[in-house]
Amino acid sequence: MTAAQRRARAKTEFEAYMAACPTQQLMTTLGNKWSTMLLLALAPGPRRYADLAREMPGVSAKMLTQTLRLLERDGFVARTVTPAVPVQVDYSLTGLGERAIPLVEQVRDWAEANISDVHAARARHDAEAQVAGR
């Protein structure tokens with residue numbers, strides 16, 4: 001087997017591992033730009049779509065809908081439709097979503113406490129890279 005074939009095989013095996021990795025699968029959902037914000041917005045209790053949209057003015061209607069569908073698909077959020085005129089749609093956390101809240105809050109708290117260190121490290125790295133001509 002050539003070196004190129006070994007690299008291709010290793011890459012294929014690694015990609016299969018990453019696709020099956022529970023951490024990677026979870027981070028794909030939670031790493032979504034709006035997922036954690038929506039989970040935190042739903043933590044106090046069920047909310048209507050329009051309330052969520054108002055709370056996050058930077059999210060487009062399309063992205064809000066896509067993210068809610070992703071969270072629903074992965075079992076974090078439940079969608080309840082109440083027949084009325086107009087139809088009322090409420091979103092709430094499932095048991096799985098409620099169990100994720102402490103994790104999301106811990107990451108948020110860590111980020112708020114440490115973001116200045118992250119910014120300082122980025123600035124140092126960028127300055128060193130500029131001096132080195134990278």
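Keep in mind that what you see is a predicted model, and the values were worked out from it rather than measured.
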Student: Measure the spacing between OG1 of Thr2 and CZ of Arg7 and express it to the nearest 0.5 Å.
Tutor: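 Here the rounded value is 7.5 Å.
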Student: Please evaluate residues Thr67 and Asn32 with respect to the criterion side-chain contact (heavy atoms from CB on, under 4.5 Å), reporting the C-alpha separation (whole Å), side-chain torsions for both, the decisive distance (0.1 Å), and the verdict.
Tutor: CA-CA 8 Å; Thr67 305; Asn32 175 293; 3.7 Å; yes
Student: May I ask whether Leu70 and Met63 are part of the same hydrophobic cluster, defined by side-chain heavy atoms of I, L, V, M, F, W, Y residues being less than 4.5 angstrom apart, directly or through others?
Tutor: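 Cluster IDs for Leu70 and Met63 differ.
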Student: Which atom pairs, donor and acceptor, lie under 3.5 Å between side-chain atoms of residues 35-53 and protein residues at least two apart or in another chain?
Tutor:
from	atom 1	to	atom 2	distance (Å)
Ser35	OG	Thr29	O	2.9
Arg47	NH1	Ala41	O	3.1
Arg47	NH1	Glu55	OE1	2.7
Arg47	NH2	Glu55	OE1	2.7
Arg48	NH2	Gln88	OE1	2.8
Tyr49	OH	Ala61	O	3.0
Tyr49	OH	Thr65	OG1	3.1
Asp51	OD1	Arg54	NH2	2.5

Student: To check you understand the geometry: which heavy-atom pair defines the closest contact between Arg6 and Met1, and what is its length?
Tutor: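 Minimum heavy-atom contact is NH1-O, 2.7 Å.
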Student: Is it the case that over 12 heavy atoms from other parts of the model lie below 6.0 angstrom from the CD atom of Gln106?
Tutor: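 No.
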Student: Please answer: with hydrophobic residues joined when any side-chain heavy atoms are less than 4.5 Å apart, are Val107 and Val118 in the same cluster?
Tutor: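 They do not share one cluster, since no chain of ILVMFWY contacts under 4.5 Å joins Val107 to Val118.
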Student: For Ala19, is there any backbone N or O sitting under 3.5 Å from a side-chain donor or acceptor partner on Gln24?
Tutor: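 No, because the side chain of Gln24 does not come within donor-acceptor range (under 3.5 Å) of the backbone of Ala19.
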Student: In terms of hydrophobic clusters joined by side-chain contacts under 4.5 Å, are Leu96 and Met27 together?
Tutor: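 No.
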Student: Do Glu15 and Lys11 come close enough that some side-chain heavy atom pair is under 4.5 Å?
Tutor: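 When only atoms from C-beta onward are counted, Lys11 and Glu15 do touch, with a gap below 4.5 Å.
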Student: Do Ile115 and Leu30 sit in one hydrophobic cluster, given that two such residues count as connected whenever their side-chain heavy atoms are within less than 4.5 Å of each other, even indirectly?
Tutor: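 Ile115 does not cluster with Leu30.
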Student: Look up atom CZ in Arg73 and atom CZ in Arg69, then write down how far apart they are to the nearest 0.5 Å.
Tutor: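 Output value for this atom pair is 13.0 Å.
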Student: Among the clusters formed by ILVMFWY side chains lying less than 4.5 Å apart, do Leu103 and Trp110 turn up in the same one?
Tutor: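 They do not share one cluster, since no chain of ILVMFWY contacts under 4.5 Å joins Leu103 to Trp110.
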Student: Once you round to the nearest 0.5 Å, how far does CZ of Phe76 lie from CD1 of Ile101?
Tutor: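 Going from CZ on Phe76 over to CD1 on Ile101, the span is 9.5 Å.
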Student: Could you give all pairs that pass the side-chain hydrogen bond (donor to acceptor under 3.5 Å, both in side chains) test and reach residues 118-130, with sequence neighbours left out?
Tutor: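 Every candidate side-chain hydrogen bond (donor to acceptor under 3.5 Å, both in side chains) pair involving residues 118-130 fails, so no pair, neighbours aside, qualifies.
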Student: Connecting only ILVMFWY residues whose side-chain heavy atoms lie within less than 4.5 Å of each other, what is the rest of Tyr17's hydrophobic cluster?
Tutor: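 When side chains under 4.5 Å apart are linked, the cluster holding Tyr17 also contains Phe14, Met18.
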Student: Just wondering, are more than 12 heavy atoms of other shown residues or ligands nearer than 6.0 Å to CZ in Arg108?
Tutor: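 More than 12 heavy atoms, drawn from other residues, nucleotides or ligands, come within 6.0 Å of this atom.
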